[in-house]
Amino acid sequence: MFAGTFWVLAVWFIVNVIWMWFALDNQTLQKTFAWINVVAVIVGFWVYFASSSVGGISTWFNVLNYVNIVLACVQFYYGYRKLGHPSAQH
């Protein structure tokens, strides 16, 4: 369970970063990815602390969990920021 979850989260992270980067102005997509990342972080920490760890990837699993938190924060920023429309100033 530990190694399998790590690889699922690692692939999700790579796909998520690539897709996020090319859709920075799509707020709906950013919000969706941010909330999926919240679930991924919860599952990731639960598996990390609740199951028997595999020595070789234990540190990387923990790093991946924390990097997913940072990524979720960035996605929340891009998803919920106000896109300002400059007012017509003369």
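Values in this document were obtained by computation on a predicted structure and should not be read as measured data. Residues: numbered from 1 along the sequence shown.
Smallest separation of non-hydrogen atoms from A72 and A34: O-CB, 3.9 Å. Nearest heavy atom pair, residue F2 against residue S52, reads CB-O, 3.4 Å.
Between F6 and Y48 there is no side-chain heavy-atom pair separated by less than 4.5 Å. V74 has its side chain within reach of M20: a pair of non-hydrogen atoms, C-beta onward, lies under 4.5 Å apart.
At a threshold of 4.5 Å between side-chain heavy atoms, the hydrophobic network of Ile, Leu, Val, Met, Phe, Trp and Tyr places V70 and L9 in two separate groups. In the hydrophobic clustering of ILVMFWY residues, with side-chain heavy atoms under 4.5 Å counting as a link, V39 and W7 come out together. Hydrophobic clustering of Ile, Leu, Val, Met, Phe, Trp and Tyr side chains at less than 4.5 Å, counting indirect connections, keeps V8 apart from F13.
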Scan the side chains in residues 56-69 for donor-acceptor partners under 3.5 Å anywhere in the protein, sequence neighbours excluded, and list what turns up.
{"from": "N65", "atom 1": "ND2", "to": "G44", "atom 2": "O", "distance (Å)": "3.4"}
{"from": "N65", "atom 1": "ND2", "to": "F61", "atom 2": "O", "distance (Å)": "3.4"}

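The number of heavy atoms from other shown groups lying within 6.0 Å of CZ (F22) does not exceed 12.
Distance check, rounded to the nearest 0.5 Å: CG of N26 to OG1 of T28 gives 5.5 Å. Between atom CG of residue N16 and atom CD of residue Q75 there is a gap of 4.5 Å, rounded to the nearest 0.5 Å. Summarising the geometry, atom CG belonging to N37 is positioned 11.0 Å from atom CD1 belonging to I42; distances are rounded to the nearest 0.5 Å. Between atom CD of residue Q27 and atom NZ of residue K82 there is a gap of 10.0 Å, rounded to the nearest 0.5 Å.
The salt bridge (charged side-chain N to carboxylate O under 4.0 Å, His left out) pairs that include a residue from residues 70-81 are D25-R81, where partners are two or more places apart or lie in different chains. Each salt bridge (charged side-chain N to carboxylate O under 4.0 Å, His left out) pair with one or both residues in residues 30-57, not counting sequence neighbours, would appear here, but there are none. Identified under the salt bridge (charged side-chain N to carboxylate O under 4.0 Å, His left out) test for residues 2-20, with sequence neighbours left out: none.
Through side-chain heavy atoms spaced under 4.5 Å, either directly or across other Ile, Leu, Val, Met, Phe, Trp or Tyr residues, F33 is tied to V11, W12, V15, W19, L29, I36.
Y80 is linked by a side-chain hydrogen bond (donor to acceptor under 3.5 Å, both in side chains) to W35, counting only residues two or more places apart in sequence or in another chain.
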Run the side-chain contact (heavy atoms from CB on, under 4.5 Å) check on V38 and F76 step by step: do they pass? CA-CA 10 Å; V38 168; F76 276 123; 3.7 Å; yes

